[in-house]
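Right, one structure below, let's go through it.
Nothing here was measured: the structure is a model prediction, and the numbers come from that model. Both ligands and their constituent atoms are indexed starting at 1 by order of listing. Here, residue 1 is the first one in the sequence, and each next residue gets the next number.
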Amino acid sequence: MRAIARAQPNIALIKYWGKRDLSRNLPAVGSISITLSTLYTEMSVAFDASGSADELSVNGSADAAMLPRLSRCLDRVAGTPRAAARIESRSNFPIAAGLASSASAFAAATVAAAAALGIDRSRAELANLAGQASGSAARSLYGGFVELANAGDHVTVSPLLAAADWPQSVVVAITSSGPKPVGSGEAMEISRKTSPFYGRWVEQQPHDLEIARDAIREHDFDKLATIAEHNCLKMHSVMWASRPPVVYWNAATLECMHAIRELRAGGVQVFFTIDAGPQVKAICPVAEEDSVRAMLTEVPGVTQVIVSRLGEGASVVGRE
Ligand code: PMV
């Protein structure tokens with residue numbers, strides 16, 4: 001009754017921001033992401049009928065704050081009432097700082113819980129269950145380039161292109177490792193209710209998705225770079241115009257953006273994207289990885305640079 005699953009975070013190139021159904025955690029817009037390879041969360045879930053309550057440790061320490069969300073995630077997979085679970089989570093990258101740790105955590109928890117219970121569910125079903133815990137987690141069930149589409153009362157997640165078919169590097173500039181000022185779920189609701197740009201954001205998303213889909217199909221890096229940066233800045237404009245404003249950037253975030261755009265103006269294929277946190281993710285062909293890493297390491301305020309390639313979807317790595 002114990003299983004261990006591993007999931008990699010994913011980085012959205014066309015972003016999810018805003019919910020259309022809070023109770024089922026359905027996104028207001030579709031999204032397109034890339035799943036990473038070297039960064040991961042490993043989640044061990046053991047159900048124990050004699051246990052009295054769920055227990056969670058994250059990187060070796062008890063974590064009461066994260067436990068209720070994970071318990072609800074296990075409820076959805078196992079049904080209720082269910083046996084208490086002992087959950088152990090380990091990530092090899094900074095958590096809760098805009099590095100999509102919730103995506104890898106909830107994808108891994110969903111897959112581990114189903115495996116521990118011996119429940120046979122399709123990847124599409126697991127994606128929907130993970131997505132109810134964290135919208136972006138649904139995408140970590142698949143590898144490479146992934147699209148999440150709204151489909152009535154659920155989401156449809158499908159692979160667009162395998163990681164090996166268009167290899168890319170993701171160079172992450174860490175500019176702060178502290179927890180974020182406001183969680184993405186709460187911030188999305190602030191934007192939906194108060195940002196004057198929110199309606200236009202939702203309206204324009206199908207257009208951005210279509211361009212990105214074409215760019216990925218055609219392996220057209222420049223087209224993807226242009227639409228991904230535009231979509232990212234549009235999402236952050238929605239946040240900035242919210243009341244109260246939602247600003248995740250710091251000075252180094254902006255420095256990194258300028259440095260990446262300068263590099264591109266000099267002929268290097270690279271673009272940036274930024275999520276609900278101050279870290280900057282630079283995406284480039286594998287051949288440009290070293291120059292992008294060297295450049296971001298020099299940006300004032302960057303404390304660490306992490307490099308990943310594109311990888312596979314969540315999977316079970318142990319069972320006993
Ligand atoms: O899945 P959540 O609730 O952590 O929201 C993710 C939101 C962004 O990372 C900003 C965008 C995205 O599509 O991943």
Side-chain angles (χ1 to χ4, degrees), residues 7-36 39 41 65-66 69-70 72-73 91 93-110 127-142 145-150 155 157 160 170 172 179-192 195 197-198 201-202 204-205 208-209 212 227-240 242 246-249 253 272-281 283 314:
Q8 285 68 235
N10 67 78
I11 308 291
L13 305 183
I14 302 297
K15 309 286 193 187
Y16 147 50
W17 194 254
K19 299 176 197 284
R20 71 186 160 89
D21 182 332
L22 277 180
S23 63
R24 282 175 298 179
N25 200 37
L26 294 173
V29 292
S31 52
I32 290 179
S33 60
I34 42 180
T35 303
L36 304 186
L39 314 185
T41 299
M66 174 90 167
R69 241 177 118 190
L70 262 173
R72 282 197 300 278
C73 175
S91 293
F93 60 95
I95 53 175
L99 253 183
S101 57
S102 69
S104 53
F106 288 108
T110 303
N128 265 278
L129 288 167
Q132 286 176 48
S134 166
S136 56
R139 300 184 307 233
S140 277
L141 265 292
Y142 295 86
F145 291 79
V146 176
E147 175 159 13
L148 182 150
N150 271 321
V155 296
V157 189
L160 290 176
V170 180
V172 184
K180 45 184 145 184
V182 45
S184 55
E186 191 185 338
M188 284 182 201
E189 277 303 280
I190 296 174
S191 292
R192 184 179 69 80
S195 178
F197 303 152
Y198 183 79
W201 156 256
V202 173
Q204 290 187 355
Q205 191 78 343
D208 292 6
L209 286 165
I227 194 65
E229 285 191 356
H230 169 69
N231 189 265
C232 165
L233 292 175
K234 199 159 53 175
M235 177 185 77
H236 284 276
S237 305
V238 171
M239 296 178 187
W240 282 38
S242 301
V246 177
V247 180
Y248 287 113
W249 302 0
T253 311
F272 67 79
T273 193
I274 304 158
D275 292 299
Q279 330 305 359
V280 179
K281 291 107 184 183
I283 290 94

inquiry  = Within the structure provided, determine whether Ser140 and Gln8 are in side-chain contact (heavy-atom separation under 4.5 Å).
reply    =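 Not in contact.
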Partners meeting side-chain contact (heavy atoms from CB on, under 4.5 Å) with Ala7 (sequence neighbours left out) =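 Checked Ala7 against side-chain contact (heavy atoms from CB on, under 4.5 Å); matches are Ser104, Ala107, Ala108, Ala314.
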inquiry  = Below 30° counts as parallel, above 60° as perpendicular, anything between as tilted: where do the rings of Trp17 and Tyr248 land?
reply    =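 The rings of Trp17 and Tyr248 stand perpendicular, inter-plane angle above 60°.
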inquiry  = Please evaluate residues Val155 and Asn150 with respect to the criterion side chain to side chain contact (heavy atoms under 4.5 Å, CB included), reporting the C-alpha separation (whole Å), side-chain torsions for both, the decisive distance (0.1 Å), and the verdict.
reply    = CA-CA 5 Å; Val155 296; Asn150 271 321; 4.1 Å; yes
key: side chain to side chain contact (heavy atoms under 4.5 Å, CB included) between Lys19 and Asn25, worked out   = CA-CA 7 Å; Lys19 299 176 197 284; Asn25 200 37; 2.7 Å; yes
ask   = Atom CG in Asn231, atom CH2 in Trp201: separation rounded to 0.5 Å?
value =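 Between atom CG of Asn231 and atom CH2 of Trp201 there are 4.0 Å.
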Between ligand 1 and the protein, tabulate every N or O atom pair separated by less than 3.5 Å, reporting distance only.
unit_1   : atom_1 : unit_2 : atom_2 : d
ligand 1 : 1 (O)  : Ser134 : OG     : 3.0
ligand 1 : 1 (O)  : Gly135 : N      : 3.4
ligand 1 : 1 (O)  : Ser136 : N      : 2.8
ligand 1 : 1 (O)  : Ser136 : OG     : 2.6
ligand 1 : 3 (O)  : Ser184 : OG     : 3.1
ligand 1 : 4 (O)  : Ser102 : OG     : 3.4
ligand 1 : 4 (O)  : Ser184 : OG     : 3.2
ligand 1 : 9 (O)  : Asp275 : OD1    : 3.4
ligand 1 : 13 (O) : Tyr16  : N      : 2.9
ligand 1 : 13 (O) : Arg139 : NH1    : 3.0
ligand 1 : 13 (O) : Arg139 : NH2    : 3.2
ligand 1 : 14 (O) : Arg139 : NH2    : 2.7

